[in-house]
Amino acid sequence: MKSLPKAGNRTPLILLGITVLLVVLALVVVLTRGAGAPVDPHSPEGVVQSYVASLLAGDQEQAAALLTAQALKDCPTGANPDRADLRVALLSTKRNGAGATVLVSITETSVRGPLGLGESGYEDSFALVPRQDSWAINSAPWPLLACNDTVVK
């Protein structure tokens, strides 16, 4: 009677080959994944994107230019926390009558405690009003206020 060849010797090689193939496939997917569609800079989402990008880059003046006069007036003194630890992601946009609301997810990361990074996240929104051919931000979430340190009267 003939005995069947032992496949046990090949099993680790087959598993290793499958693992390598899966890793290569995952790398190809990650590296070839396209960026998100460009956002119209004159849309509510585009204005919020420009505002957040300016603010996180430290360009207070550019960010403040996207706010309404009322938002600048209502901005509390000292509302400029360190923004190096913020991530902002667009969740949704709702247009309502003469305005729009852009819902975002805000994640704050900080080094705390003996184990390292702590992270907290929440959702908040920007309120926008039409301005000529674009939009202006009438209110923004607390950590994303383009305020200066002068006293507001």
Side-chain angles (χ1 to χ4, degrees), residues 14-153:
I14 293 171
L15 290 175
L16 179 63
I18 291 172
T19 302
V20 169
L21 181 63
L22 289 174
V23 168
V24 169
L25 182 62
L27 281 171
V28 168
V29 168
V30 167
L31 296 176
T32 61
R33 181 175 55 188
V39 178
D40 177 7
H42 299 293
S43 69
E45 304 90 352
V47 170
V48 169
Q49 184 180 44
S50 296
Y51 174 82
V52 170
S54 297
L55 197 62
L56 295 180
D59 190 347
Q60 295 284 111
E61 191 173 317
Q62 179 65 32
L66 297 170
L67 297 174
T68 63
Q70 186 64 43
L72 284 170
K73 180 181 172 194
D74 292 343
C75 198
T77 302
N80 290 320
D82 180 19
R83 292 180 189 91
D85 61 352
L86 290 179
R87 288 190 322 261
V88 181
L90 174 69
L91 297 177
S92 66
T93 302
K94 292 182 183 173
R95 293 188 188 207
N96 45 6
T101 302
V102 176
L103 183 65
V104 295
S105 169
I106 301 170
T107 305
E108 296 181 74
T109 305
S110 61
V111 177
R112 35 180 137 145
L115 299 178
L117 294 177
E119 190 171 273
S120 65
Y122 54 95
E123 295 178 4
D124 209 334
S125 61
F126 288 84
L128 292 93
V129 294
R131 178 193 282 172
Q132 295 167 350
D133 64 342
S134 189
W135 293 82
I137 297 170
N138 202 37
S139 69
W142 163 258
L144 298 170
L145 296 172
C147 301
N148 58 32
D149 290 329
T150 60
V151 176
V152 178
K153 296 181 180 179

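Everything quoted here is computed from the prediction, not taken from an experiment. The first residue of the sequence shown is numbered 1, and numbering continues consecutively from there.
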side-chain contact (heavy atoms from CB on, under 4.5 Å) involving Leu21 - partner list, sequence neighbours excluded: none
For the residue pair Val47 and His42, establish whether any side-chain heavy-atom pair is separated by less than 4.5 Å. no
With Gln70, which residues qualify under side-chain hydrogen bond (donor to acceptor under 3.5 Å, both in side chains), at least two apart? Asp74
Please evaluate residues Ile106 and Glu123 with respect to the criterion side chain to side chain contact (heavy atoms under 4.5 Å, CB included), reporting the C-alpha separation (whole Å), side-chain torsions for both, the decisive distance (0.1 Å), and the verdict. CA-CA 6 Å; Ile106 301 170; Glu123 295 178 4; over 6 Å; no
If you round to the nearest 0.5 Å, how far is OG of Ser50 from CD of Gln62? 7.5 Å
Distance-only donor-acceptor hits, side chain of residues 126-135, under 3.5 Å, sequence neighbours excluded:
residue : atom : partner : partner atom : Å
Arg131  : NH1  : Ala65   : O            : 3.0
Arg131  : NH2  : Leu67   : O            : 2.7

Roughly how far, to the nearest 0.5 Å, is the CG atom of Leu66 from the OH atom of Tyr51? 8.5 Å
What is the minimum heavy-atom distance between Ser43 and Val39, and which atoms define it? OG-CG1, 3.7 Å
Listed pairs under 3.5 Å, donor-acceptor, residues 90-98 side chains, sequence neighbours left out:
residue : atom : partner : partner atom : Å
Thr93   : OG1  : Glu45   : OE2          : 2.9
Asn96   : OD1  : Ala100  : N            : 3.4

So, using side-chain hydrogen bond (donor to acceptor under 3.5 Å, both in side chains) as the criterion, who are the partners of Asn138 when residues are at least two apart? Thr68
Do the side chains of Leu144 and Leu86 get nearer than 4.5 Å, heavy atoms only? yes
Would you mind telling me which of Ile14, Leu16, Val20 makes a side chain to side chain contact (heavy atoms under 4.5 Å, CB included) with Ile18? Ile14
